[in-house]
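To keep things clear, I will list the structure first and then write my remarks on it.
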Amino acid sequence: MSDEAFAPAVSEWYAPPESIVQQAHIQDYAALYDRARADVTAFWAEQAATLEWHRPWDTVLDDSQAPFFKWFVGARTNIVHNALDRHVKTWKRNKLALIWEGEPGDKVTMSYWRLWQEVNRFANVLKSMGVRKGDRVTIYMGRIPEIIIAMLACAKLGAPHSVVYGGFSEQALADRIEDARSRVLITCDGAWLRGKVVPLKDVVDEAIHRSPIVEHVIVVKRTGQPIKMEQGRDYWYHELMSLPIASRQCDTEIVDAEDPLFILYTSGTTGKPKGVLHTHGGYQVYTSTTLKWAFDIKEEDRYWCAADPGWITGHSYIVYAPLILGATSILYEGAPNFPYPDRWWRIIEEYGVTILYTAPTAIRGLMRFGENWPARRDLSSLRLLGSVGEPINPEAWRWYHKNIGKERCPVIDTWWQTETGGFMITPLPSATRPFPGIEADIVDEEGNSVPPGVDGNLVIKQPWPAMLRTVYGDPERYVQQYWSRYQQHGWWYLTGDSARKDHDGYYWIIGRNDDVLKVSGYRLGTAEVESGLVSHPAVAEAAVIGVPDEVKGNAIYAYCILRNGFVASAALVDELKHHIRHEVGPIAVPEKIELVVSLPKTRSGKIMRRVLKARAQGLPEGDISTLEE
Ligand code: WT7
């Protein structure tokens with residue numbers, strides 16, 4: 001549990017049940033952590049040896065070009081070999097890889113054998129469209145099995161995928177297509193959400209209109225509503241998959257461990273999203289090791305990560321790590337409260353889910369409907385619960401532990417980021433400490449470690465295999481953003497979070513201490529929303545802040561100064577909200593937009609968001625001696 005207001009006060013202790021502890025993969029965290037620390041490269045080599053490689057590595061970690069670290073240098077591999085190809089040679093071919101449920105109630109199950117064949121078939125389709133090793137393919141889809149097939153098919157060919165979350169707008173999609181220079185895009189006609197169709201293909205059409213570099217669009221028919229298909233550009237997935245080229249045999253492209261696996265755009269402190277780049281080798285080692293140990297994955301588990309495949313949580317812990325471990329995953333298309341607030345609890349009951357991994361915002365959202373909804377379902381199959389994305393507040397933690405876990409499931413609160421690729425600080429399942437091989441610290445502005453109970457910047461002092469390798473197309477930003485802050489001390493990775501340690505050595509994450517907001521678990525840059533607002537002709541200047549919100553964690557408040565000739569009105573506020581919906585996406589629409597005549601600024605002209613934040617919450621404004629007037 002971690003929460004700014006509560007962290008120092010909460011001292012409840014929940015021991016994991018004996019039955020869970022006894023059969024856990026990791027029995028002695030401290031010994032393992034010490035062993036990893038004593039020889040970190042030997043430790044990671046040992047984990048890497050649990051996977052198959054086409055050629056072994058010459059060097060585990062190459063730091064000669066730091067901070068451009070390289071892992072398993074010289075090794076040849078492909079993550080899809082470890083996720084699928086090797087399993088179909090064993091009894092695992094008959095095990096379920098995926099149990100999928102659509103929002104309207106339709107169902108699909110896929111064995112490893114079937115998933116492997118579908119991936120082969122679609123990889124052949126992509127090949128026939130000219131997709132080759134190194135080509136970036138953009139994927140913009142709902143939560144359907146084909147998004148997983150598409151990601152794996154790209155990886156199989158060594159073509160990095162760039163998945164754009166279906167909640168992003170046409171402009172956000174256009175920017176990402178442009179940055180990745182994708183010639184092929186995979187989408188669907190629409191996605192089901194709360195009984196309505198999200199018109200993904202319309203968004204794609206508009207995005208390509210703005211970034212006309214896409215040559216081929218492959219469209220999965222999901223909802224069946226009429227859409228525009230452009231001759232010579234757009235193709236139906238099911239038609240391509242019925243052609244002879246879509247054969248069930250497709251060789252996996254063997255790539256270098258350091259070849260790119262995917263680009264995933266995430267928000268930073270500027271308006272331009274960063275293309276976080278991950279590679280095949282280190283990522284497959286790190287994601288599979290972390291999932292196995294933190295969630296204690298067993299052969300018989302039915303594991304449900306309720307995130308979207310379009311975020312890093314989905315990439316690492318819906319798609320790649322569970323498949324590498326040969327686990328059975330659940331994927332559900334729609335909203336947690338459709339048609340009733342017990343949809344998730346019904347899914348757990350129906351499929352006998354043993355592990356549920358979700359975000360505090362989802363828990364808080366479902367909490368509002370009361371405990372009778374989960375109480376009426378049989379949740380006795382659950383063994384472990386997970387949380388990710390933002391600090392989980394004590395109320396949500398207790399509710400989750402009591403009403404879903406029935407006080408017998410440990411809550412695994414995993415701290416990590418798009419950039420880290422996998423869990424960094426997590427219980428195993430009994431302590432919120434850094435993962436073995438991860439050297440975390442909390443430091444002050446000068447870089448000194450702070451004592452327990454004191455807030456500081458969370459840094460990682462030692463590279464790890466799933467670390468991002470660069471910002472796609474912008475290596476300078478990579479160095480600047482993540483590695484320059486404490487350069488005088490060495491290569492310390494700056495997380496952008498503040499944290500504190502308690503007297504037991506446990507880490508408590510407080511939240512971002514840069515201009516990044518977590519809104520309903522989504523990561524958004526204040527600058528992204530601000531540049532969206534000023535792109536409207538009426539807005540001269542904008543400032544965006546996050547204000548604490550009971551369900552969303554943070555709510556977005558925006559303050560805009562209008563250009564000459566524009567008059568403040570409720571209609572204009574609505575228009576600005578509409579504008580943001582299309583510039584960035586529905587997730588970025590401010591809760592409140594206030595049209596103002598001035599903004600609090602320092603004499604050097606910097607907007608004092610701190611002052612806006614205090615005002616919005618009716619709190620004292622603190623030191624305003626640097627305020628312009
Ligand atoms: C930021 C990264 C990594 C999966 C989803 C988020 C916050 C993430 C926790 C947690 C407190 C958390 C941090 C981090 N965060 N997990 N368990 N407790 N805060 O990935 O979108 O890249 O966001 O999410 O602020 O920096 P992301």
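Atoms within each ligand, like the ligands themselves, are counted from 1 in listed order.
At a 4.0 Å heavy-atom cut-off, ligand 1 touches Glu390 through the backbone alone. By the criterion of a heavy-atom distance under 4.0 Å, neither the backbone nor the side chain of Val516 is placed next to ligand 1.
When the heavy atoms of Ser498, Gly389, Ala499 are ranked by distance to atom 16 (N) of ligand 1, first place goes to Gly389. Comparing Thr418, Thr420, Leu524, Ile510 against atom 20 (O) of ligand 1, the shortest heavy-atom distance belongs to Thr418. With distances taken over non-hydrogen atoms, the option nearest atom 17 (N) of ligand 1 out of Asp413, Ile425, Leu517 is Asp413.
Atoms of ligand 1 found under 4.0 Å from any heavy atom of Thr313 (numbered from 1 in listed order, with element): 4 (C), 5 (C). Using a 4.0 Å cut-off to heavy atoms of Arg523, the atoms of ligand 1 that qualify are 2 (C), 21 (O), 22 (O), 23 (O), 27 (P). Atoms of ligand 1 found under 4.0 Å from any heavy atom of Asp497, numbered from 1 in the order shown, are 13 (C), 14 (C), 25 (O), 26 (O). The atoms of ligand 1 that sit less than 4.0 Å from any heavy atom of Lys518 are 1 (C), 2 (C), 6 (C), 20 (O), 21 (O), 23 (O), 24 (O), 27 (P). Every atom of ligand 1 is numbered from 1 in the order shown, and the set under 4.0 Å from a heavy atom of Val388 is 4 (C), 5 (C), 16 (N).
Residues meeting the side chain to side chain donor-acceptor pair (under 3.5 Å) test with Glu528, sequence neighbours left out: Ser267. Taking the side chain to side chain donor-acceptor pair (under 3.5 Å) definition, one finds that Asp515 meets it with nothing, sequence neighbours left out.
The closest approach between Gly496 and ligand 1 stays at or above 4.0 Å for every heavy atom of the residue. Under a 4.0 angstrom heavy-atom cut-off, Pro391 registers as being in contact with ligand 1.
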- Item | Derivation of the side chain to side chain contact (heavy atoms under 4.5 Å, CB included) call for Asp474 and Asp179 | CA-CA 10 Å; Asp474 199 350; Asp179 192 81; over 6 Å; no

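Polar contact check, Ser387 against ligand 1: no nitrogen or oxygen pair lies under 3.5 Å apart.
Note that Arg343 lies outside the cation-pi zone of Tyr332, set by a 6.0 Å cut-off to the ring centre and a 45° limit from the axis.
Side chain to side chain, Gln171 and His582 fail the donor-acceptor criterion of an N or O pair below 3.5 Å. Side-chain polar atoms of Trp311 and Tyr522 form no donor-acceptor pair below 3.5 angstrom. Between the side chains of Asp441 and Trp492, no donor N or O sits under 3.5 Å from an acceptor N or O. A donor-acceptor pair shorter than 3.5 Å cannot be found between the side chains of Asp308 and Tyr165.
Between Glu170 and Arg581 no salt bridge is recorded (no basic side-chain N to carboxylate O distance below 4.0 Å).
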